[in-house]
Amino acid sequence: MGEQFASAVGSAARASLADVSPDIHLPGPDGERARAELADRLAVTEPHRYSPDGFSFGYHYASSPLVVGGEEQDAISMGGYQERARAGFRLPHVWLDDGRSVLDVLGPVFTLLRTDSGVDVGPWGDAARERGIPLTVVDLPGRWPDRYPTALLLVRPDQHVAWMGGADARPDALLHTVTGRLAAHQR
């Protein structure tokens, strides 16, 4: 992750400071124009360089063999965090009705978040018990479809989404995959 951070900072700095006009040091209108152009560029590039959101929340394991449905992703960017659940990325935060953060209701090992109460999670509990995998099931209100776009989200202990999907899931194969026991195939 340190390499990703250094690369993101270096890339942002290069974008900010590339092709600075040599006129920037001149007095008068030419120097003023060059400084104004640089100031305009910095106004766009610098907030991203110093924004911790991408680094703090945007690091991911999307291409990990322990994540099902993750897609190849670029390394983190300083301002590139998206507040939408994606396989391999940290679960985005919301405040629940009782005042707790969704992150505070996650279990100590794996958590299955259900945003559609019509989806039967019994097979998940059965598969987890059969494999000795502690699993917490949490029902969420379905009012955040932009943030949590699927009926079920399986969240790892590190608060990263291991899998997202619906009622047609194969919990046995998915739990084997996300715990490193067997590779599951995404439908």
Side-chain angles (χ1 to χ4, degrees), residues 1 4-5 8 47-48 50-129 131-181 184 186-187:
M1 183 147 91
Q4 287 184 16
F5 177 74
H48 296 293
Y50 294 104
S51 169
D53 290 353
F55 180 69
S56 298
F57 305 116
Y59 65 95
H60 61 83
Y61 307 99
S63 60
S64 167
L66 302 179
V67 171
V68 177
E71 299 173 3
E72 191 65 32
Q73 300 285 327
D74 291 334
I76 61 169
S77 66
M78 293 305 290
Y81 178 65
Q82 296 178 19
E83 292 189 31
R84 177 182 175 84
R86 297 183 290 165
F89 286 78
R90 185 166 183 218
L91 182 73
H93 168 303
V94 293
W95 290 109
L96 302 175
D97 293 340
D98 63 6
R100 293 182 298 168
S101 166
V102 69
L103 302 175
D104 291 336
V105 301
L106 298 179
V109 182
F110 284 91
T111 302
L112 184 66
L113 298 177
R114 177 170 57 173
T115 64
D116 178 350
S117 61
V119 175
D120 180 17
V121 294
W124 283 90
D126 295 341
R129 272 189 299 285
R131 285 155 188 78
I133 300 168
L135 179 70
T136 301
V137 176
V138 175
D139 285 316
L140 292 179
R143 67 175 177 259
W144 300 292
D146 290 340
R147 191 157 295 194
Y148 307 128
T150 58
L152 300 171
L153 297 95
L154 183 61
V155 183
R156 303 180 341 180
D158 64 358
Q159 302 178 345
H160 282 74
V161 178
W163 168 85
M164 299 168 49
D168 61 344
R170 294 185 43 223
D172 53 345
L174 288 165
L175 288 170
H176 273 297
T177 298
V178 302
T179 58
R181 298 177 183 174
Q186 180 73 11
R187 291 191 208 207

Spatial distance of atom CG (L96) from atom CG (D139) [nearest 0.5 Å]: 11.5 Å

Can you name the closest pair of heavy atoms from A128 and L135 and give their distance? CB-CB, 3.8 Å

Distance, nearest 0.5 Å, that separates OG1 of T115 from CG of L153: 6.5 Å

Can you name the closest pair of heavy atoms from V102 and P92 and give their distance? CG1-O, 3.7 Å

Side chains of L154 and L175: does their closest heavy-atom pair fall under 4.5 Å? yes

Heavy-atom closest contact (A151 atom, G166 atom, distance): CB-CA, 4.3 Å

Does the side chain of L103 reach to within under 4.5 Å of the side chain of R90, using non-hydrogen atoms? yes

Is it the case that the side chain of Y148 and the backbone of L91 share a donor-acceptor pair, with hydrogens and angles ignored and the cut-off at 3.5 Å? no

Determine whether a donor-acceptor pair (N or O, by modelled atom type, separation under 3.5 Å) exists between the side chain of R86 and the backbone of M164. no

Quick one: does P134's side chain get under 4.5 Å of F110's, heavy atoms only? no

Where P157 and P108 come nearest, the two heavy atoms and their spacing: CB-O, 3.7 Å

Of all heavy-atom pairs linking P145 and G142, the shortest is CD-O, 3.7 Å

Begin with the C-alpha distance, continue with both residues' side-chain angles, and end with the deciding distance and a verdict on side-chain contact (heavy atoms from CB on, under 4.5 Å) for R170 and T177. CA-CA 11 Å; R170 294 185 43 223; T177 298; over 6 Å; no

Tell me if a side-chain donor or acceptor on R84 pairs with a main-chain N or O of D146 at a distance below 3.5 Å. yes

For a quick test of reading the model, state the closest non-hydrogen atom pair linking P149 to R147 and the distance between them. CD-O, 3.5 Å

Of L152, L112, D168, which is the lone residue that meets side-chain contact (heavy atoms from CB on, under 4.5 Å) with V119? L152

Show, in sequence, the C-alpha distance, side-chain angles and deciding distance for T136 and V105, and conclude whether the side-chain contact (heavy atoms from CB on, under 4.5 Å) test is met. CA-CA 9 Å; T136 301; V105 301; over 6 Å; no

Do R131 and D172 make a side-chain contact, defined as non-hydrogen atoms from C-beta onward lying under 4.5 Å apart? yes

Carefully, step by step, assess V178 and R156 under the rule side-chain contact (heavy atoms from CB on, under 4.5 Å). CA-CA 8 Å; V178 302; R156 303 180 341 180; 5.6 Å; no

